[in-house]
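The figures here come from the full heavy-atom set of this structure, side chains too, leaving out hydrogens, waters and symmetry mates. For ligands, and for the atoms within them, numbers begin at 1 and follow the listed sequence.
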Amino acid sequence: MQQQKIKVRMKELVEILNKASRAYYQEDREIMSNQQYDALYDELEDLEQKTGIVFSNSPTQKVGYTVISSLPKVVHGSKMLSLDKTKEVIKLKHWLGKQKGILSWKLDGLTIVLTYKDGQLYQAVTRGNGEIGEDVTNNATVFQNIPLTIPFKNELIIRGEAVIKYSDFKKMNQVLSEEEQYKNPRNLCSGSVRQLNNEITAKRNVNFFAFQLVQADHIDFDDSKQKQLEWLQSQGFEVVEFVTLQQEDIERQVKTFEEQVTRNDFPADGLVLTYDSLSYSSSLGQTAKFPRDSIAFKWSDERKTTTLIEIQWNTSRTGLINPVAVFEPVELEGSTVSKASVHNLSILEELALGVGDKIEVYKANMIIPQVAYNRTPTGPVAYPPICPACGGETEVKQMKEVKLLYCSNPYCSAKLVKSLTHFTSRNAMDIRGFSEATIEKFVDQGFLKSFGDIYRLNQYEDEIKNMEGFGERSYQNLMEAIKKSTHTQLSRFIYGLGIQNIGVSNATLLCEYFDYDLDSIRKAKIEDFLNIAGFGEVIAQSIYHYFQIPENQEIIEDVLSFLHFESPIISEIEPLLQGKVVVITGSLNYFDNRQALQKEIEKRGGKVTGSVSKNTTYLINNDIDSTSSKNKKAKELNIPIITEEEFLEITGIGR
Ligand SMILES: [Zn+2]
């Protein structure tokens, strides 16, 4: 086999073997027999011996993870300068002149210097400030793709970039809490490479791409950096993607890279052009700031000015409410863009974003839309007092230097796992066997996105039965419990929706007031809710806002098709006030308002009128000695004037 093919085979073997042991040890599955495993293992070990290359993630090298107390500082042998930059292709052309050049990605991660001695990885140091870096050898051993052992036995020093793929970045951010999440792959990479516990680093899938050979004694590279990079590949390193070119190819090649950047899984923030000739490069020396043999090309972030239409607020699954700038659509890097995340309240305030402002937008690394600048700041717009997902109250939390907006409702509909757990809980839909852990698994699998999905779970029968901790019997039990819950009471359902401030008793009051008619509840106004005894402004607001959100109405509509509400068992109320006519005047103490009292009277067969006449049975007035016209009239007609308390006494309300 050719050298290149051998390395491909080795990587393949590493991947297969690691997959097999992951399945075996972590998922309790066997994807190959022991004999098969051993045969592949032997093949890999054999190839490692033949080539002298051992990859860092090779199963032949699995050692325990180590936790260290600090990252020792290391002084670099030669100062690591940053590159001079340009945003103009024409400058690259002038710069290259008649020389042969190498054009490669400028990867957006963390620059690392690797040193090998006697064919072994000896040290890995971060760039740091260019003069002093940190020793991250412990972590480099668990990078995805660096060789721990190489065939070359003299001292070798190389530079390269540690990066995390966009796809891995997305996955990892999903498992981190909002406060711990990283803004971009570079931050995540930096946090991963500079870990004290390399078990964490190992899980972050850090990749290393070599871009420069600093020292490899006694090897003739034929005065060519291209040869150096190819030689590094032969030693088992992955090398940054590059092309060799002449002046006249530059425009075309830059364009080719540019077209690829948005599809790249590796973050790159530009290109690097370097002279191929080693002797020419070293003859140039360096300025105080930059080496003279290389130049960076930065994408000139295409900026467009547009008008801010609004700030949208999106509640995430953890209850964090993120501001998103919505603007007049603009063309950026070949696609139409109309939204950009503003990340948090602090950035919103910094940019002072107000509706109608002229803002400049661009795509960071040509991918992620961002608001760069506000030309006419009139904001910041106020953040919403209520959660856009559930109508609950919002609260601002200060996390380090950043202000974040959260929904304070623990059962917010955006907090999917929590809200489903609440919906299925004992006092709500009472679905036994639906633990939070189970719900979390189902949500992760994508089985559950809303309440209605609970009643469609049977379409995942096979998947569920095959899930860890599930079998035929537990599946059947769950289905049984779900089926049972379809016959329920409206108050349980209302409680289960997780509306802020609507506990079991308020849900019952709500149902009673609206005669167990969900439609009237959904359409009611704030004033209607205020009429319910014991409902103040705060409760009325939260329930009203909940039903104002179209998504909530859709969720309810969807789940309703599965449910049947039993008619409520209303405690028998004696028609004590049958045929009695009551007039209410003055302020009330026990009831929130007159409507609430009227409701109680009507429940007991009584009637409430607005003025005192000979047909009036009682005048309710807490101020018996009042000289109001109603009191006078009642006295004239000999109609008893009673206080609220006396009325409660007569009717037995509140006992
Ligand atoms: Zn909410």
Side-chain angles (χ1 to χ4, degrees), residues 173-174 176-181 310-326 339 341-346 348 380-399 402-425 427-429 436 439-440 442-444 448-454 492-504 506-507 510 518 521-522 524 526 529 535-559:
N173 253 359
Q174 273 168 10
L176 295 173
S177 72
E178 299 277 351
E179 297 85 57
E180 295 171 321
Q181 280 186 5
E310 62 166 330
I311 296 289
Q312 268 180 6
W313 299 87
N314 296 335
T315 311
S316 74
R317 274 174 51 181
T318 58
L320 181 72
I321 304 171
N322 288 310
V324 176
V326 180
K339 279 182 183 183
S341 172
V342 187
H343 302 294
N344 55 52
L345 290 185
S346 303
L348 182 84
V381 296
Y383 60 81
I386 58 160
C387 167
C390 76
E393 281 172 64
T394 59
E395 57 183 347
V396 177
K397 287 188 191 169
Q398 183 85 33
M399 301 279 176
V402 179
K403 262 203 261 174
L404 301 170
L405 188 66
Y406 278 89
C407 170
S408 68
N409 178 3
Y411 311 121
C412 174
S413 34
K415 302 174 189 172
L416 198 52
V417 173
K418 290 272 179 245
S419 90
L420 285 165
T421 308
H422 180 74
F423 185 74
T424 55
S425 66
N427 289 324
M429 302 304 281
E436 185 164 338
I439 288 173
E440 212 168 324
F442 288 179
V443 167
D444 282 348
L448 292 178
K449 293 194 183 74
S450 69
F451 299 145
D453 286 343
I454 293 170
R492 284 177 169 276
F493 176 73
I494 299 267
Y495 169 68
L497 294 177
I499 304 165
Q500 199 169 26
N501 301 314
I502 302 297
V504 175
N506 278 346
L510 197 59
L518 181 56
I521 298 176
R522 288 166 75 178
I526 290 187
F529 296 120
F535 276 34
E537 191 69 33
V538 174
I539 300 178
Q541 289 277 356
S542 56
I543 183 154
Y544 172 74
H545 287 303
Y546 179 89
F547 288 111
Q548 285 305 299
I549 295 165
E551 287 83 358
N552 289 341
Q553 294 279 13
E554 278 167 33
I555 288 168
I556 290 172
E557 205 53 53
D558 172 47
V559 69

To the nearest 0.5 Å, what is the distance between NE2 (His422) and CD1 (Ile499)?
-> 9.0 Å
Among the protein atoms near the Zn ion (ligand 1), how many are N, O or S and lie under 2.8 Å away?
-> 4
Excluding sequence neighbours, so at least two apart, what forms ring-ring contact (aromatic ring centres under 6.0 Å, His included) with Phe547?
-> none
Who are the ring-ring contact (aromatic ring centres under 6.0 Å, His included) partners of Phe535, not counting sequence neighbours?
-> none
Would you call the rings of Phe451 and Phe423 parallel, tilted or perpendicular if under 30° counts as parallel and over 60° as perpendicular?
-> parallel
Stepwise side-chain contact (heavy atoms from CB on, under 4.5 Å) check, Leu448 with Leu420 = CA-CA 9 Å; Leu448 292 178; Leu420 285 165; 3.9 Å; yes
Contacts of Glu557 meeting salt bridge (Lys or Arg N to Asp or Glu O under 4.0 Å) (sequence neighbours excluded), chain-then-number -> Arg522
